[in-house]
Structure formats: structure tokens, C-alpha cells
Amino acid sequence: QVQLVESGGGLVQAGGSLRLSCAAVGIIFSVNAMDWYRQAPGKQRELVATITSGGSTNYADSVKGRFTISRDNAKNTVYLQMNSLKPEDTGVYYCHSYYPHYWGQGTQVSVSS
């Protein structure tokens with residue numbers, strides 16, 4: 001059974017940092033590209049960051065230089081380090097895998113001004 005379990009969300013002041021984790025169960029993690037998406041209230045879900053199986057990364061322009069995606073294949077876990085957080089980073093953050101195409105349940109990030 002596939003599970004993607006996110007953790008690490010919370011409430012933080014603008015300028016602060018959070019580290020999200022996504023633990024994967026039931027997938028061949030090492031061959032999977034993994035994404036972090038987010039969805040703000042009233043908005044569509046948007047891609048935040050991607051890491052390939054080889055460790056290459058891509059970021060949305062809005063988070064470049066502030067967020068870092070990484071992975072630990074030994075722990076079947078992908079991370080999102082978020083620094084210099086802004087109120088517009090508020091939303092539910094979701095982990096996504098490609099093989100199979102699967103979503104986690106999401107973790108709430110709230111940034112106060």
C-alpha cells in the first residue's frame with residue numbers, strides 16, 4: 001500500500017523557516033522523481049519544487065533562492081527546507097510521487113506578517 005506522509009508544517013512569522021518532510025512507503029523511492037506542491041486558499045495547486053532520482057532540482061520562480069528540496073534515499077524521505085518565509089507562502093503543502101502517481105495528505109504552512 002502506497003503512503004506519502006508529510007510532516008513539519010506549522011505557524012511561523014514572516015522571515016522564519018520550516019522544514020517539511022515526506023516519508024514514502026510502498027514505492028521504489030530511489031527511482032522516483034518527487035515533487036512538493038502547495039495550494040493556497042481559493043487558488044489552484046501549484047508546483048513548488050521537483051527533485052529527480054539523480055538529485056537534479058527545479059523550483060518555481062517564487063521560491064528560488066529561499067527553498068531547497070532534497071532527498072535521503074536510505075530513509076525514503078524527501079525534504080523541503082523553507083527559509084525567509086513570506087505570508088504568500090501560506091497554504092497546504094503536498095508531496096507527490098510519479099511511480100505510481102500519488103499524493104500525500106498535505107501539511108498546513110501558515111506564515112504571519
- Determine the minimum heavy-atom distance between Ser97 and Met34, stating which atoms define it. CB-SD, 3.7 Å
- Query: How close do Ser30 and Ser53 get, heavy atom to heavy atom, and via which atoms?
  - Reply: O-CB, 3.3 Å
- Message: Taking the side chain as everything from C-beta on, heavy atoms only, tell me whether Met82 gets closer than 4.5 Å to Val12.
- Response: no
- With sequence neighbours left out, write down each residue that passes salt bridge (Lys or Arg N to Asp or Glu O under 4.0 Å) with Lys64, or none if nothing qualifies. Asp61
- Audit row: Arg38, Ser62, side chain to side chain contact (heavy atoms under 4.5 Å, CB included) steps and yes/no: CA-CA 12 Å; Arg38 68 186 179 191; Ser62 59; 3.4 Å; yes
- Query: Taking the side chain as C-beta and beyond, is there a heavy-atom pair between Asn76 and Val25 under 4.5 Å?
  - Reply: no
- Task: Keeping the roles fixed (side chain from Thr90, backbone from Val111), state whether a donor-acceptor pair exists under 3.5 Å.
- Result: yes
- Query: Hey, what's the ring geometry for Tyr93 with Phe67, parallel, tilted or perpendicular (30° and 60° as the breaks)?
  - Reply: tilted
- What distance do Leu80 atom CG and Asp35 atom CG have between them, rounded to the nearest 0.5 Å? 11.0 Å
- Query: Cationic tip of Arg71 within the cone over Phe29's six-membered ring, i.e. under 6.0 Å and within 45° of the normal?
  - Reply: yes
- Item | Over all atoms of both residues, closest heavy-atom pair of Pro100 and Ile27 | CD-CG2, 3.5 Å
- Query: Short question: side chain of Tyr59, backbone of Ile69 - any donor-acceptor pair under 3.5 Å?
  - Reply: yes
- Any donor-acceptor pair under 3.5 Å from Glu6 side chain to Cys95 backbone: yes
- Between the main-chain N or O of Val92 and the side-chain N or O of Arg45, is there a donor-acceptor pair closer than 3.5 Å? no
- Do Val63 and Leu85 share a hydrophobic cluster (ILVMFWY, side-chain heavy atoms under 4.5 Å, transitive)? yes
- Message: Which heavy atom of Gln105 sits nearest to which heavy atom of Tyr94, and what is that distance?
- Response: O-CE2, 3.6 Å
- Please list, chain by chain and in numerical order, all residues satisfying side chain to side chain contact (heavy atoms under 4.5 Å, CB included) with Ser17, sequence neighbours excluded. Gln81, Asn83
- Message: For the aromatic rings, using the six-membered ring if either is Trp, is the centroid distance between Tyr37 and Trp103 under 6.0 Å?
- Response: yes
- Message: Do Tyr79 and Asp72 have side chains that approach each other closer than 4.5 Å (heavy atoms only, starting at C-beta)?
- Response: yes
- Task: Evaluate the criterion side chain to side chain contact (heavy atoms under 4.5 Å, CB included) for residue pair Leu20 and Val109; output intermediate values, then yes/no.
- Result: CA-CA 9 Å; Leu20 306 183; Val109 172; 4.1 Å; yes
- Side-chain donor or acceptor of Tyr102 paired with backbone N/O of Val2 under 3.5 Å: yes
- Would you say the side chain of His96 lies within less than 4.5 Å of the side chain of Tyr98, judging by non-hydrogen atoms? yes
- Message: Distance check, rounded to the nearest 0.5 Å: Ser113 atom OG versus Glu88 atom CD?
- Response: 10.0 Å
- Message: How about CG on Leu47, more than 12 heavy atoms from neighbouring residues, nucleotides or ligands closer than 6.0 Å, or not?
- Response: yes
- Residues Leu4 and Cys22: closest non-hydrogen pair is CB-SG, 3.9 Å
